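Note that this is a predicted model, so its numbers are computed, not measured. Throughout, a chain's letter reflects where its sequence line sits, starting with A, and its residues are numbered from 1.
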Amino acid sequence: MKYNIPRGTFDILPKDSYKWQFLQDSFRKMATCFGYEEMTTPVFEVAELFERSSGESSDVVQKEMYRFQDKKGRKFALRPEGTAPVVRSYIENHLDKLSSRTKLFYLGPMFRYDRPQAGRYRQFYQYGIEFIGSNNPYYDAEVIAIAFLWLNKLGLNNLRLEINSVGCPACSAVYDNVLQEYYRPFLPKLCPDCMKRLETNPRRLLDCKVPSCIEFRKNAPSQMDYLDELCKKHFSAVCNYLQAMNITYTVNPGIVRGLDYYTNTAFEIIYEGLGAQNSLVGGGRYNGLIEQIGGKSIPAIGFAGGFERLLWALEEENIDLASAPKPDAYFVCVGENTRMQILPYLNALRIKGLFIDYDPDKNSLKAQLKAADASGAKYAIIIGENELAAKTVNLKNMQTGEQITIPMDAEQTIKRMRCF
RNA sequence: GUGGGUGUAGUUCAACGGCAGAGCACCGGAUUGUGGUUCCGGGCGUUGUGGGUUCAAAUCCCAUCACCCACCCCA
């Protein structure tokens, strides 16, 4: 084998393609029922868009972006996430002028230069929702509900919805200081990563998996206690809406999200049993982002989920989504002269929408019927010299083994197939 | 970027210093134009690649590449 697929990428082969298509269609339907419309943006954008939105210090920007320059030296990046491009388009196309609220969803590949492992790829496919135009906590709950209820509908019931509030920029700044104060005395005892985090991104300290660091977390101050009145009210309203929707959740102060643009609500939907990558969906509110990248100050909330992990979870649960369609009929042809002469009839059936399998490389009747059986076709349409002369065909029901002789006519064949 | 594991037929795996094999899948056949079960036949594969040790390497050693898993981070 001469060429290999690039590291961290994968081919979607036909047998899996049916599953992917099913999931994509299913997500489209769900989003549509909630009033969301599809938007598709390019897979690459000006690199600065991501640097500005995700934050210079974020891992995405620091080490995971695929950057390249075009012939004129313009700096682009393969999109590492979907929100910034959607917001860029929202601003650029003045969607805020069309309506006070904009409900969007997207599907497509994202790219991150990461070391691949189970459930993590360099090109991966996301589905996402963005609601732009209101700070009403109802919409926080609606966006969460779309993700949660859709996964439920697919058959995933052992999910954990974890939510948190990171507050507005004002209260999160206060909290960061409080956290730094709390952790500073333990500095020498922290793991090397956490030593760095203390200065660069103190909230990440709450996310550390090193046992000794987990100890310190127990008595750490909670963001909840440092939310201002408005943020507190917003958060409890979101919780109330979720309860009213019968969606159970747990509050997890460790949900802090990796990107800088999040404000207030942050959430994650977790499915245990996917190795180290158990997060199926992640999202949150980003009230400051639109202004930050050149638009007006407009509140928004959204989420993104990964198809690969979703597929994996569904597999773990033995949930069968979709498989290759079976032929309506298998075309069996015997004799010297038949091969040429049956073609108009064969094509007529196909044009009328039937899935007809046919393999001219198989010669004997036996071999062809064997293939018909293996294909799972409901019928075999058998034509030999005699039938050709009589302008008839034999329609055989592969389940019952019964066979009838009918005129060689597409219209009539279809009619007989319905009731035989 | 760091650590661990694995590379043998299309696939799942065996052979663990002495001629590279099996199941599944695939193809063909079992007397004239009717499938599923059964039976028979069909595989010379640079053992990921390149070096080294040895009379002899899939097997031991080194390097390299790829994949997998984990850290980090996230979908």
Side-chain angles (χ1 to χ4, degrees), chain A residues 1-10 13 54 57-65 79-83 106-128 147 151 191-194 196-197 201 204 207-210 255-259 266 268-271 274-283 302-313 330 332-335 338 359 361-388 394-403:
Chain A
M1 197 177 295
K2 205 160 182 196
Y3 295 105
N4 291 102
I5 193 166
R7 180 142 211 226
T9 67
F10 55 91
L13 301 176
S54 298
S57 72
S58 66
D59 275 27
V60 166
V61 171
Q62 285 277 314
K63 52 180 197 184
E64 293 172 5
M65 267 212 309
R79 60 181 184 195
E81 57 106 23
T83 300
Y106 61 87
L107 298 167
M110 306 294 162
F111 307 83
R112 286 185 205 172
Y113 189 89
D114 231 358
R115 192 83 167 256
Q117 69 187 70
R120 196 171 72 189
Y121 302 89
R122 289 185 170 173
Q123 175 172 341
F124 56 102
Y125 294 80
Q126 285 192 329
Y127 50 93
L151 297 174
C191 72
D193 286 323
C194 281
K196 272 180 252 157
R197 288 183 183 123
N201 197 344
R204 283 246 154 270
D207 217 14
C208 188
K209 283 161 193 131
V210 176
I255 303 288
V256 292
R257 318 265 70 234
L259 309 178
E268 219 163 288
I269 297 175
I270 290 162
Y271 173 84
L274 296 189
Q277 263 62 46
N278 58 12
S279 173
L280 239 40
V281 166
F303 75 75
F307 276 113
E308 297 79 7
R309 289 179 193 180
L310 174 54
L311 237 17
W312 186 9
Y330 193 98
V332 176
C333 210
V334 271
T338 51
D359 180 1
D361 279 326
K362 292 202 175 15
N363 289 315
S364 73
L365 179 61
K366 183 175 223 151
Q368 291 183 75
L369 276 169
K370 213 169 181 171
D373 187 56
S375 77
K378 192 169 178 203
Y379 299 97
I381 293 171
I382 304 165
I383 304 172
E385 303 281 2
N386 299 340
E387 288 74 20
L388 193 62
N394 294 324
L395 181 65
K396 176 172 180 138
N397 184 318
M398 294 299 284
Q399 272 135 43
T400 63
E402 285 174 273
Q403 182 171 308

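Per the stacking criterion (ring centres < 5.5 Å, plane angle < 30°), A:F124 stacks onto the base of B:rA75.
Note on A:G335: nothing from the nucleic acid sits closer than 4.0 angstrom, heavy atoms only. Using a 4.0 Å heavy-atom cutoff across all strands shown, A:Y125 reaches no nucleic acid atom at all. Nucleic acid contact class of A:Q368 (heavy atoms, under 4.0 Å, all strands): none. Residue A:V281 is classed as a sugar-phosphate contact, given heavy-atom separations below 4.0 Å to backbone atoms only.
Mapping A:R7 and A:G305 onto RNA chain B via the closest heavy atom, the residue that lands nearer the 5' end is A:R7. The 5' end of RNA chain B is approached more closely, in terms of each residue's nearest nucleotide, by A:G8 than by the other of A:E81 and A:G8.
Rounded to the nearest Å, the gap between the P atom of B:rU47 and that of B:rA57 is 12 Å. Between the P atoms of B:rC19 and B:rG33, the separation comes to 49 Å (whole Å). Separation of the P atoms belonging to B:rA20 and B:rC65 is 30 Å when rounded to the nearest angstrom. Taking atom P in both B:rC68 and B:rU12, the straight-line distance is 13 Å, to the nearest Å. Only the P atoms considered, B:rA63 is 13 Å distant from B:rG5, to the nearest whole Å. Nucleotides B:rC73 and B:rG23 place their P atoms 50 Å apart, quoted to the nearest Å. Taking atom C1' in both B:rG21 and B:rU37, the straight-line distance is 28 Å, to the nearest Å. For the C1' atoms, the distance linking B:rA58 with B:rG17 amounts to 10 Å, nearest Å.
Applying the salt bridge (charged side-chain N to carboxylate O under 4.0 Å, His left out) test to residues at least two apart or on different chains, none of the pairs has a partner in residues 369-380 of chain A.
With sequence neighbours left out, the side-chain hydrogen bond (donor to acceptor under 3.5 Å, both in side chains) criterion links A:R79 to A:T41. Residues satisfying the side-chain hydrogen bond (donor to acceptor under 3.5 Å, both in side chains) criterion with A:E387, sequence neighbours excluded, are A:N394. Residues forming a side-chain hydrogen bond (donor to acceptor under 3.5 Å, both in side chains) with A:N386 (at least two apart in sequence, or on another chain): none. A search for salt bridge (charged side-chain N to carboxylate O under 4.0 Å, His left out) contacts involving A:R120 returns A:D114, not counting sequence neighbours. For A:E308, the side-chain hydrogen bond (donor to acceptor under 3.5 Å, both in side chains) criterion is met by no residue, not counting sequence neighbours. Taking the salt bridge (charged side-chain N to carboxylate O under 4.0 Å, His left out) definition, one finds that A:K362 meets it with A:D359, sequence neighbours left out. Residues passing the ring pair (Phe, Tyr, Trp, His ring centres under 6.0 Å) test with A:Y106: none are found, sequence neighbours excluded. A:Y127 meets the ring pair (Phe, Tyr, Trp, His ring centres under 6.0 Å) test with A:F27, A:W150, A:F307; sequence neighbours excluded.
RNA chain B forms stems at B:1-7 with B:65-71, B:10-13 with B:21-24, B:26-30 with B:38-42, B:48-52 with B:60-64, each a run of 3 or more consecutive Watson-Crick or G-U wobble pairs whose two key distances fall under 3.5 Å.
A:Q117 has a side-chain polar atom (N or O) that falls below the 4.0 Å cut-off from OP1 or OP2 of B:rA70.
Judged by distance alone with a 3.5 Å cut-off, a donor-acceptor contact links the side chain of A:R309 to the base of B:rC74.
Put simply, the side chain of A:R309 gets close to the backbone of A:S279: a donor and an acceptor are under 3.5 Å apart. When atom types are taken as modelled, the side chain of A:R122 and the backbone of A:T9 share no donor-acceptor pair closer than 3.5 angstrom.
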N/O-N/O pairs, protein side and nucleotides 1-6 of chain B side, under 3.5 Å:
from	atom 1	to	atom 2	distance (Å)
B:rU2	O4	A:R115	NH1	2.4

Report, as a single string ordered 5' to 3', how protein heavy atoms within less than 4.0 Å touch nucleotides 34-39 of chain B: B base, S sugar-phosphate only, - not at all. BBB---
